[in-house]
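Here is the structure we will look at, set down as structure tokens.
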Amino acid sequence: MTDRNDLDALVQAATVRFLPADPSHRDMWGSGFFVAPGWVLTCAHVLAPALRERGRDLEFRVAGSPTYHGVEPVRARLEDWLVRDPWADIAPQHDLALVRLLDDGVEHECVWIGDRAIPRSGDRRRVFGFRPEEEYAEEHRGPYGEGRAETYGETYGETCGETYGDTGPYELWSCDIEDNVLDGRYAVRFTPTADFPGGVSGGPVLDLATGAVVALTKSGRYGKDGGRAVPLSALRGFGDLYREVTGAHDRWHAERAGAATPGSWLVHQRRLLGPAPNGDEAWTPDDRMRALGLLAKLTDPPPRGAVGRLAHHVHNNERQQLPYPPLAAWRDGHGLLRASDGGLLPAIAFLRYLRLVVRLVQERGGKDAGAPAVDELDAWITERMHRLQSYQHFLVTDAALPESLSGDADRDGALCGPGRVVIPYPRAGEKTRVVVVEIEPLPYQTVHWQIRIDDGSGEDEIFEAETDPNGVPPDRLLERLRQPLGVAFQVADEAGEHPAACEVVLSAEEFDRPVHRWQLAEIARLGDEAHLPLGVRRRVVLRDLNRRGAPDEAWTRRWSAATTGGPLTATRTAPAQARRRHFEDMAPSAIPVLCHQAGRGAGRKAMELALETGHGIALWHIEGHPRSAACAPDCEAFHQGVAELLAETATADELPDRLRRVREELHERRAPGHWAEAVAVLYDDPDRPVPAGPTGVWNSPA
């Protein structure tokens, strides 16, 4: 067994508390821990009370415990945090902050953070953090036994703040506890067996089975035991900064792995694992530390979506649980290589993944840029491979990139070429035909419709239009559209190797019209494609009728940011609480997701705010919340499904076809009640604006 005290000492040496810059003020803000040389991780809410009033550039101090060889008070400053509004409730996925020391050359311990891409619960953990000594804590204890604290998270009534506002001694605190369940995608709920004292938020959570820090404490609960933690997988939300910090972490540990001094992180991980049952066939802690250190030397970031695709390829394209947030570094692919029971795959699987990384980096310029690091990784793969049975070597030496990442792949990782599995949505200027159906409301509750075939030329010629000047009743719209729309698709399909996409342009109050369920034949032979729902065969998206003509600046700006700013992420939007600022403050790659209808009630107001603030992509449930504003169990399935869909979407132009493929699988399985059956997607590209007003000749009824 691992010596608890030795392993504890490593964590304790890396655990810190935050103090004001003025040494005469010793009030503690909360806890954190070193994850890399000069880098401290904590919860954003620990720093928010001080920084939201005095600015993010405020200088403060970081200090460890002298008893456990922690650092003396040193100057530090916030580098970045994921919080969007420090004055509002801080959700778990945003409750992370990275702090950087302002002085170089400070010697300190760093925790070992696991590389597991998907958090798990139900394991024994040990939680660490600073708290006031008992005598001081008793004098300042609040009514709930948690110290004087700021509160966040109305749902759980949790205590998150750590300010005590006076001087006083502090001590390191720890306790053993068990994870209970994953609380959403970004939080872990502890079992109600521990009373978390004020001060420990932001402290490390150690996995006793692996000897790795896997989370940081977020909160306790007022008047209750237990609390929540944020898994370290949420760090991927920092993007480029995540790669920088974890790269420094992996290199730091790899440099110390060679010595493997008694009591080191590597030694403890060896003890926890025990002797490898299959000798060199097993992937050991030594292998992992060396591999991650070599991956961290690669300078160029992975192409979008490449990490997951390579790991998926190693798994023989078996369906795996989707990681969330999206994978961002080569180490994340290493963390995906788990067996179906959660255990590690054999060494050959990891070596195959590493060789695929080498192949991809070399194909994309690695031979000319960063070649020493690529060569070093490749040489180590070969050396480690020769310790395996020779019959396995071909799995590494013959490893070939999947077609989506081979020489035909372009557009920053979008899946292209004849073997592609996702059809990117047409962009401005591309000579790809799109069938556009525009539906204009008229007086007396009728509509006018017209069909265009957009071939990228900029011509706005009408293909077909309603001829009755009085329009058509909405309940007869599909009947009138079936024949001309079928012909339009035949014409458009002739020009491409894939079925043409379909855009339906509607006013916002009509956004719940089930256009993806339309069928082009009222009666059809079995197997006739006209009998398939439109959204099964084609990419079907909605566009806003009120955005016809020249796009405004907010729409253009946000579209550009969403389509170039990295993988998309789902932002759950509660219409009853939606405010304009909610949509304005969303990250560039954040996509509003509503489990409400978008054309009526509170959902309509939320959708109008999303459109007004420039959002060009959104998803919603066209039959959501018909009777009540309260969420039902199927709302959770809807949000989880949409989040997984966006997580596997490398670029925005993949989204319409990825949703179509989900619908296709759903249709083939005949699975009623599936989350995707009633989802609609707004995909409104300002670079391809809908012409200003119908160009056909028609009159309103007299």
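Residue indices begin at 1 and follow the sequence shown. Since the model is a prediction, treat every value here as computed from it, not as a measurement.
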The test is side-chain contact (heavy atoms from CB on, under 4.5 Å); show your working for L241 and E79 and say whether it passes. CA-CA 9 Å; L241 186 58; E79 180 71 15; 4.1 Å; yes
So, taking the atom named CG in L98 and the one named CG in L82, what distance separates them when rounded to the nearest 0.5 Å? 7.5 Å
Residues two or more places apart in sequence or in another chain: which of them pass side chain to side chain contact (heavy atoms under 4.5 Å, CB included) with A215? V205, A229
D585: which residues meet the salt bridge (Lys or Arg N to Asp or Glu O under 4.0 Å) condition with it, sequence neighbours left out? R581
Suppose we screen for side chain to side chain contact (heavy atoms under 4.5 Å, CB included). Which residues come up paired with F394, at least two apart in sequence or across chains? T397, D398
May I ask you to say whether R56 pairs ionically with D80, meaning some side-chain N is under 4.0 Å from a carboxylate O? yes
Residues forming a side chain to side chain contact (heavy atoms under 4.5 Å, CB included) with V662, sequence neighbours excluded: L645, H674, W675, A676
L102: side chain to side chain contact (heavy atoms under 4.5 Å, CB included) partners, not counting sequence neighbours: E59, R75, R77
Between D455 and R433, is there a side-chain N and carboxylate O pair less than 4.0 Å apart? no
For W112, give me all partners under ring-ring contact (aromatic ring centres under 6.0 Å, His included), at least two apart in sequence or on another chain. H249, H253
Test: E664 and R660 ion pair at under 4.0 Å: yes
Salt-bridge contact E503-R688 (side-chain N to carboxylate O under 4.0 Å): yes
Step by step, work out the salt bridge (charged side-chain N to carboxylate O under 4.0 Å, His left out) result for D685 and R427. CA-CA 8 Å; D685 185 352; R427 298 180 180 180; over 6 Å; no
Side-chain contact, heavy-atom cut-off 4.5 Å: S264 with R256? no
Sequence-distant partners of R288, salt bridge (Lys or Arg N to Asp or Glu O under 4.0 Å), two or more places apart: none
So do the side chains of V214 and I113 get within less than 4.5 Å of each other, counting heavy atoms only? no
Rounded to the nearest 0.5 Å, how far apart are NE2 of H268 and CG of L7? 5.0 Å
If the condition is ring-ring contact (aromatic ring centres under 6.0 Å, His included), which residues does W559 pass it with, not counting sequence neighbours? Y683
What I'd like to find out is whether the side chain of W265 reaches to under 4.5 Å of the side chain of E109, using heavy atoms alone. yes
Can you sort out the partners of Y353 under ring-ring contact (aromatic ring centres under 6.0 Å, His included), two or more places apart, ordered by chain and number? none
Could R364 and D300 be called an ion pair, given the rule that one side-chain N must be under 4.0 Å from one carboxylate O? no
Just jot down the ring-ring contact (aromatic ring centres under 6.0 Å, His included) partners of Y242, sequence neighbours excluded, or say none. none
salt_bridge(D286, R290) N-O dist < 4.0 Å: no
Roughly how far apart are H615 NE2 and I591 CD1, rounded to 0.5 Å? 8.0 Å
State which residues pass salt bridge (Lys or Arg N to Asp or Glu O under 4.0 Å) with D57; sequence neighbours excluded, sorted by chain then number. none
Applying salt bridge (Lys or Arg N to Asp or Glu O under 4.0 Å), name anything that partners D684, two or more places apart in sequence or on another chain. R543, R547
Presence of salt bridge, D378 and R355, under 4.0 angstrom: yes
